[in-house]
Amino acid sequence: MSKTDQTQTQHELIANRRDKLNRWREAGIDPYPHTYERSHKSQDVLEQYDALEGQSVSVAGRIVSLRPHGKSTFFHILDGEGKLQCYAKKDQLGDEPYERLGWLDLGDFVGVTGEVFKTRTGETTVAVREYKLLAKALRPLPEKWHGLVDKETRYRQRYLDLVSNEEVREVFRVRARIIAAIRNFLDARGFLEVETPVLQPIYGGAAARPFVTHHNALDAQFYLRIADELYLKRLLVGGYERVYEVCRDFRNEGIDRDHNPEFTMVELYAAYFDYRDIMNLFRELIIEVTTAARGKPSFEFNGQDVDLTKPWREVPLLDIIKEKTGLDFSDPNAEKARKGAESIGVDIPDDASYGKIVDDVFSERVQPELVEPTFLTDYPLEISPLAKRHREKAGLVERFELFMAAREVGNAFSELNDPDDQRARFEAMAEAARRGDVEAHQVDEDFLTALEHGMPPTGGLGFGVDRLTMTLTGLTSIREVILFPTLRPLGSHATEPSAEG
RNA sequence: GGGGGUGUAGCUCAGUGGUAGAGCAUCUGACUUUUAAUCAGGUGGUCGAAGGUUCGAUCCCUUCCACCCUCACCA
């Protein structure tokens with residue numbers, strides 16, 4: 001918020017705090033000292049009360065409640081792990097230091113040294129012998145009781161959300177545990193974590209519209225990656241047998257509760273694996289990650305407990321559609337498919353292809369019922385340009401998608417390593433692009449050259465960390481699992497005219 | 001992009017075609033075991049922005065901005 005946005009009230013609140021800041025300075029005390037040595041964190045004091053009772057501790061944190069009672073004062077500090085109450089008495093602290101307590105505000109950081117005891121009501125508390133202002137806060141924090149609920153402020157000023165809402169702090173701890181567990185799982189199985197370019201001269205590995213940017217010194221156009229797939233496969237050509245990347249991808253598409261323009265995927269590739277080996281690996285990974293995030297291999301979905309230790313179903317895509325709707329889509333005929341879809345009341349756009357019709361019926365009638373983890377297999381070749389042909393079934397590829405909690409949580413295949421077939425697939429996509437498909441792959445000659453040098457048979461997998469976090473935390477908006485979700489910029493930059501192209 | 005909703009004090013929210021309220025925060029005073037501390041008193045608002053209707057608009061109308069929900073597209 002700029003200063004011109006401040007109302008009079010806000011000015012006054014800030015002016016009050018600046019007055020207090022000046023009082024500290026006039027007393028010769030630096031309101032922003034460099035360090036503070038603490039002996040314990042709040043959680044240590046609470047958990048080790050029996051050992052610490054009567055002992056002196058030094059703790060530090062932000063003042064989140066402040067209750068002066070004349071010659072004594074209670075306050076809580078919030079540190080990285082939790083809250084701890086402190087109790088200051090004038091006779092114990094001395095007249096001047098006690099008077100300076102009045103120069104503190106909610107939001108200030110303080111360090112406190114004193115003995116641990118319990119109050120009459122049983123709350124573990126530090127009896128303040130000395131304290132030190134560690135950083136003055138010039139702006140007021142959100143209210144203590146209702147906290148901060150305005151979503152726009154929560155996302156734009158996430159730090160305020162984190163200060164006032166403990167459950168939000170916990171969400172991002174869970175997210176961190178999920179990512180750490182993924183790394184532990186893969187590292188333990190010999191996967192090498194790598195980093196590949198975000199700036200790519202040709203984008204690929206997914207069907208999406210990219211962000212376009214420009215490098216001045218090279219005077220060249222680059223795209224922010226939409227996937228890292230084609231780079232990871234180059235590493236398989238180079239001889240690494242197992243690689244993965246925790247990969248921030250960027251897709252220039254709509255924003256809603258399931259989509260943020262930048263999001264985090266994990267992609268992994270394993271030489272001499274096929275999609276069935278990946279299936280087994282992924283099941284183990286999900287169980288291990290879920291256990292790390294939640295303490296047990298299960299999660300809640302709409303009040304229902306989803307137990308991941310039960311057997312996971314595997315079923316071909318068309319079979320489960322038939323099972324849930326009674327419709328047989330085995331004949332790849334758009335007209336027939338349309339009649340079927342309309343017979344069960346699924347609206348189909350006029351220009352929909354066979355594949356699109358199947359997908360619409362699936363999304364509307366099948367996906368919402370896939371609560372227990374389910375591997376869907378046997379995807380059509382046309383929509384899988386990077387997957388290897390099915391070893392038995394014509395027109396299909398060796399691919400699966402994992403669904404659970406009515407959400408797609410992963411996509412994997414036996415990777416296409418025949419360079420001639422890959423070229424043909426790219427050319428088919430290029431043809432689609434010429435017909436107007438803005439998301440179709442570009443022909444990536446450099447990648448084809450890599451494949452022509454030989455890539456071992458490989459299984460690959462990609463899954464979205466944000467959506468996995470949503471599933472495991474039960475949150476329904478992707479913005480709740482991304483610390484700083486993409487929002488429209490405020491102010492003059494928002495209305496700057498942009499060159500259309 | 002279509003449809004619906006929201007926007008009032010720092011925060012959480014009421015409210016009305018006649019010039020705006022509460023709780024918390026803030027300020028003043030009282031208070032040495034409180035914890036949504038309590039008690040007494042006070043300050044604080046371009047009612048998202050700009051137009052229009054009206055004697056008069058925070059309220060009705062139009063446009064715009066931001067966010068949320070939903071549909072379409074995608075992971």
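Quick note on labels: first sequence line is chain A, next is B, and so on, each numbered from 1.
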Heavy-atom side-chain proximity of A:L93 to A:Y131 below 4.5 angstrom: yes
Which nucleotide in B:rG10, B:rA25, B:rC68 has an atom nearest any side-chain atom of A:R479: B:rC68
Nucleotide opposite B:rU6 in a Watson-Crick or G-U pair, distances under 3.5 Å: B:rA66
No-H, no-angle donor-acceptor pair, A:R120 side chain to B:rU33 base, under 3.5 Å: no
Side-chain-base donor-acceptor pair under 3.5 Å for A:T119 and B:rU34: yes
Options B:rU70, B:rC67, B:rU33, nucleotide nearest the side-chain atoms of A:R257: B:rU70
RNA chain B: 5'-proximal contact among A:D150 and A:D359 (nearest heavy atom): A:D150
A:I320 to A:R313 - nearest heavy-atom pair and separation: CD1-NH1, 3.9 Å
Between CG on residue A:L468 and CZ on residue A:F299, distance to nearest 0.5 Å: 9.0 Å
Proximal nucleotide (of B:rU33, B:rC69, B:rC27) relative to the A:K20 side chain: B:rC27
Touch class at under 4.0 angstrom, heavy-atom based, for A:L141 against every strand present: nothing
Per A:Y87 side chain, nearest of listed nucleotides B:rC27, B:rU32, B:rC11: B:rU32
Separation of atom CG in A:L160 from atom P in B:rA25, rounded to whole Å: 18 Å
OP1 or OP2 of B:rG10 under 4.0 Å from side-chain N/O of A:R139: no
Ring geometry between A:F375 and A:W312 (parallel below 30°, tilted from 30 to 60°, perpendicular above 60°): tilted
Whole-Å gap separating C1' (B:rG42) and CD (A:E12): 12 Å
Partner nucleotide of B:rC31 by Watson-Crick or wobble geometry (both distances under 3.5 Å): none
base_contact_polar (B:rU34 base, A:E123 side chain, donor-acceptor, <3.5 Å): no
A:R399 NZ/CZ over A:Y379 ring centroid, <6.0 Å and within 45° of normal: yes
A:K89 side-chain N/O to B:rU33 phosphate OP1/OP2 under 4.0 Å: no
Nearest-angstrom distance from the residue atom CD of A:Q92 to C1' of B:rU32: 11 Å
5' precedence on RNA chain B between A:V149 and A:F74 (nearest-nucleotide basis): A:V149
Watson-Crick/G-U partner (both atom distances under 3.5 Å) of B:rA72: none
Among B:rA36, B:rC67, B:rU34, the one nearest A:K144 by side-chain distance: B:rA36
Polar contact flag, side-chain donor to acceptor under 3.5 angstrom, A:E193-A:Y244: yes
Donor-acceptor pair present, A:D91 side chain and B:rU32 base, under 3.5 Å: yes
Value in whole Å for how far the P atom of B:rC67 lies from CG of A:N260: 12 Å
Nearest-neighbour nucleotide for the A:F117 side chain, B:rU33, B:rC73, B:rU12 considered: B:rU33
G-U wobble or Watson-Crick pairing nucleotide for B:rU43 (cut-off 3.5 Å, both distances): none
Nucleotide paired to B:rA14 in any strand shown, Watson-Crick or G-U, under 3.5 Å: none
Integer-rounded Å distance: B:rU6 P and A:Y155 OH: 19 Å
Whole-Å gap separating P (B:rC73) and CG (A:N252): 18 Å
N or O in side chain of A:R67 less than 4.0 angstrom from B:rU34 OP1/OP2: no
Closest listed nucleotide, where the reference is the side chain of A:W145 and the choices are B:rU33, B:rA37, B:rA36: B:rA36
